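Report on one structure; see the data block that follows.
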Amino acid sequence: METTIRQTWAFLFRGYHLTRRYIGWVIVFNFYAVVTSATVALIGVAAGNYQLTITLVVGALLWNYMSSLYNEIAMSIAYERWEGTLEYTFMAPVSRLVHLLGVSLYSLINSVITTLIVLVALVFLTNLNLRGANLPGVLVVVAVSSFAFVGLGLIAAVFPVMSAERGAEATHIFQGSLLLVSGVYYPIEVLPGWLQPFSAISPATYTLSACRRLFGVGMSGSTQDHLAGAQLSTVSHELFVLALMGAVLMPFGLWVFLKVEAWAKRAGKLKRTG
Amino acid sequence: MQRTAIYVRNLRKSFRKRNGFRKVSELWALDDVSFSVAEGETYGLLGPNGSGKSSLIRILSTLLIADSGEVEMLGHSLPAEQEQVRRIIGRVSVDAAFYKKLSARENLLYTALLYGQKARDAEKRAIDILEQLGMENTKFSTPLEEMSRGMQQKISIARALVLNPPLLLLDEPTTGLDPKSRRDVQTFLEKLKEREGTTILLTTHDMAEAERLCARIGFLAHGKLVAEGTPEELKRRANAVDLDDAFIKLTGEELSDEELVGVED
């Protein structure tokens with residue numbers, strides 16, 4: 001147990017010091033996250049529609065969190081390849097479960113911090129009043145959905161294992177597809193008919209739907225000065241689906257990763273240049 | 001009787017290479033390679049680029065799975081017992097694979113934690129090793145990207161040794177180093193062997209280094225182990241005056257100018 005805790009701490013230690021050393025880029029990425037979120041949220045302000053503003057703010061906030069979490073995990077192998085440290089990480093006597101959980105834990109902390117920065121900025125820029133929103137309920141939904149996104153990240157992390165060149169590209173295509181079909185900034189219904197079924201398999205769809213109701217979007221008692229956030233029990237369907245997705249995607253993601261790792265070792269793909 | 005630290009029998013490994021749209025060719029990296037290394041011995045593997053040295057090291061360090069053959073590292077067979085083998089090996093590769101933005105201290109502490117070791121103990125050991133390698137501990141907090149290749153490689157060696165492994169896999173550890181750094185590393189490895197009895201498998205292009213450090217040497221060419229023995233045995237067998245000559249005569253290969261030591265830099 002002591003060894004496992006130290007090994008998990010190793011990934012947090014590494015992540016913290018890399019963040020510190022690359023602080024300039026971290027500031028740039030956070031600035032960009034704030035700006036891209038604000039440019040979307042201000043569409044609602046420009047329209048003079050507070051419900052639209054909250055819909056867009058929720059979309060921007062949650063997409064920031066979910067995509068950051070997914071991206072950090074999915075790109076972790078690609079980062080190691082670029083740094084040239086891939087072989088040393090895979091050679092270490094750390095189980096793949098602890099390795100990937102350590103990476104996921106750091107990604108989670110990073111994503112929470114980035115999302116908080118974006119939230120503060122959006123509240124400031126849009127003059128949003130969140131009084132009455134069921135924020136504890138939102139935290140519960142986000143926490144439950146995190147498992148599903150970690151699972152997706154684990155599945156996507158195999159792409160850079162399979163191909164040094166195409167792997168990173170594939171993770172971004174996958175991420176972009178989730179953005180398109182999950183109703184981040186628009187209702188699912190505006191998508192072409194043939195795309196809409198894909199929304200049902202994205203965890204983001206359920207997270208956004210639940211969180212918007214918890215914030216008070218579309219709720220009859222909501223006003224600009226005081227929102228009427230829904231009770232947590234009213235989003236139990238979404239919570240159930242997200243919990244199920246997490247319970248399936250996390251072990252499945254680990255299983256896929258182990259299978260691809262074994263293949264990569266036979267094919268000689270675990271090298272700096274693949 | 002000395003225990004066998006590394007046991008390799010009939011090892012084969014090929015890679016598929018795509019040539020054009022439909023053609024796939026098979027390249028043999030290792031072709032029926034067999035050798036063993038006793039505990040506490042330093043064994044050298046010499047061969048030109050593409051001879052299979054790195055593939056062999058990667059198989060022994062659990063990064064590559066052979067097509068066939070037997071491999072045992074201190075009694076643990078590969079690939080079945082990868083977890084156990086990872087606990088007993090340290091590796092130094094030709095390129096110092098670090099997080100270049102992090103300092104030596106941060107890289108070494110990360111490695112120690114990754115291997116389940118206590119950070120404080122590892123730090124003390126790392127400083128001791130680096131001092132033996134002729135490095136000032138004032139450099140400990142400098143980002144690695146600001147260090148010379150020689151210093152980076154010393155830190156790479158410290159990283160492998162801070163784990164105190166019974167088995168060391170050194171893949172061209174002094175390639176690209178200046179003469180003083182090369183000598184520091186070679187002297188350190190000699191003392192390490194005397195003091196700790198560490199088993200070392202060393203791949204190198206440096207004939208003088210191989211002769212100085214290795215009890216026995218194997219010549220690899222085109223994936224085959226074409227000759228094996230002490231430096232003297234190899235020279236006698238080839239009727240050669242030096243190991244360079246013995247290598248050329250026994251393998252039919254010449255190390256290119258770029259592969260010869262001293263020209264690398």
Side-chain angles (χ1 to χ4, degrees), chain A residues 1-26 76 79-99 102-103 106 161 163 258-274, chain B residues 13-17 27 29 54-55 57-67 78-79 82-103 105-107 109-119 122 143-145 152 156 159-160 163 165 169 171:
Chain A
M1 176 58 93
E2 203 180 315
T3 300
T4 302
I5 292 171
R6 274 198 205 112
Q7 289 175 326
T8 308
W9 172 244
F11 293 102
L12 298 178
F13 176 91
R14 178 189 74 177
Y16 165 71
H17 285 287
L18 280 172
T19 300
R20 203 170 57 82
R21 297 282 182 179
Y22 282 104
I23 195 64
W25 281 108
V26 172
S76 58
Y79 294 151
E80 295 247 36
R81 243 197 241 283
W82 295 334
E83 289 272 13
T85 54
L86 185 68
E87 291 191 341
Y88 280 86
T89 301
F90 274 77
M91 219 173 73
V94 56
S95 78
R96 207 51 65 223
L97 175 64
V98 171
H99 169 198
V103 167
Y106 181 75
V161 177
S163 170
L258 290 171
K259 287 289 176 198
V260 172
E261 181 183 344
W263 168 83
K265 284 181 178 177
R266 290 196 188 279
K269 294 286 186 182
L270 278 188
K271 288 196 302 188
R272 181 182 189 152
T273 54
Chain B
K13 181 64 195 173
S14 66
F15 296 103
R16 294 181 146 215
K17 190 180 172 185
L27 302 169
S54 292
S55 294
I57 293 283
R58 294 177 71 235
I59 288 172
L60 298 182
S61 49
T62 77
L63 296 170
L64 189 61
I65 296 177
D67 295 340
L78 287 174
Q82 291 183 55
E83 288 297 322
Q84 291 87 329
V85 169
R86 285 181 196 140
R87 285 190 204 116
I88 58 170
I89 58 171
R91 181 183 168 208
V92 179
S93 57
V94 63
D95 53 348
F98 285 108
Y99 299 97
K100 300 285 191 297
K101 284 278 186 194
L102 300 190
S103 67
R105 181 180 176 275
E106 286 154 4
N107 271 287
L109 287 182
Y110 165 66
T111 300
L113 288 168
L114 200 63
Y115 278 69
Q117 297 193 355
K118 288 184 186 171
L144 274 163
E145 63 182 0
Q152 288 184 5
S156 184
R159 175 175 58 184
L163 310 168
L169 305 173
D171 192 3

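Computed from heavy atoms alone, side chains included, the values below leave out hydrogens, waters and symmetry copies. Quantities reported herein were computed from a predicted structural model and do not represent experimental measurements. Chain letters run A, B, ... following the sequence lines, proteins first, then strands; residues in each count from 1.
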Is A:Arg20 salt-bridged to B:Glu106, cutoff N-O under 4.0 Å? yes
With heavy-atom distances below 4.5 Å as the criterion, would you say the side chains of A:Phe11 and B:Leu113 are in contact? no
Part of B:Arg91 lying under 4.5 Å from any heavy atom of chain A: both
Separation of A:Phe90 CZ from B:Arg86 CZ (nearest 0.5 Å): 9.0 Å
Evaluate the side-chain proximity of A:Leu18 to B:Leu102: yes if any heavy-atom separation is below 4.5 Å, no if none is. yes
If one checks every heavy atom of A:Phe13 against chain B at 4.5 Å, the contacting part turns out to be side chain
So what's closer than 4.5 Å to chain A heavy atoms on B:Tyr110: side chain, backbone, both or neither? both
Contact part of B:Ala66 toward chain A, heavy-atom cut-off under 4.5 Å: side chain, backbone, both or neither? backbone
Do A:Arg21 and B:Pro143 have side-chain heavy atoms sitting under 4.5 Å apart? yes
Looking only at heavy atoms, the pair that brings B:Ala97 and A:Gly84 closest together is CB-O, 2.9 Å
Pairwise distance NZ(B:Lys101) to CD1(A:Ile23) - rounded to 0.5 angstrom: 12.0 Å
Counting only heavy atoms not in A:Arg266, do more than 12 sit closer than 6.0 Å to its CZ atom? no
Mind listing the closest non-hydrogen atom pair of A:Lys265 and B:Leu63 along with its distance? CG-O, 3.5 Å
Show the numbers, then the answer: is there a side-chain contact (heavy atoms from CB on, under 4.5 Å) between A:Arg6 and B:Lys118? CA-CA 8 Å; A:Arg6 274 198 205 112; B:Lys118 288 184 186 171; 3.2 Å; yes
I'd like to know whether B:Ser93 forms a side chain to side chain donor-acceptor pair (under 3.5 Å) with A:Tyr88, so could you lay out the CA-CA distance, the side-chain angles of the two residues, the decisive distance to 0.1 Å, and finally the verdict. CA-CA 10 Å; B:Ser93 57; A:Tyr88 280 86; 3.2 Å; yes
Please find the pair of heavy atoms, one from A:Gln7 and one from B:Leu114, that lie closest to each other, and give the distance. NE2-O, 3.0 Å
When rounded to the nearest 0.5 angstrom, what distance separates OG1 in B:Thr62 from CD in A:Glu87? 10.0 Å
If I compare all heavy atoms of B:Tyr115 with all of A:Met91, which pair ends up nearest, and what's the gap? OH-O, 3.8 Å
Sort out for me which of B:Pro79, B:Ser14, B:Ser103 touches chain A most, counting heavy-atom pairs under 4.5 Å. B:Ser103
Shortest non-hydrogen contact between A:Pro93 and B:Arg87, atoms and distance: CB-CG, 3.6 Å
What part of B:Gln117 gets closer than 4.5 Å to chain A, counting heavy atoms only: side chain, backbone, both or neither? backbone
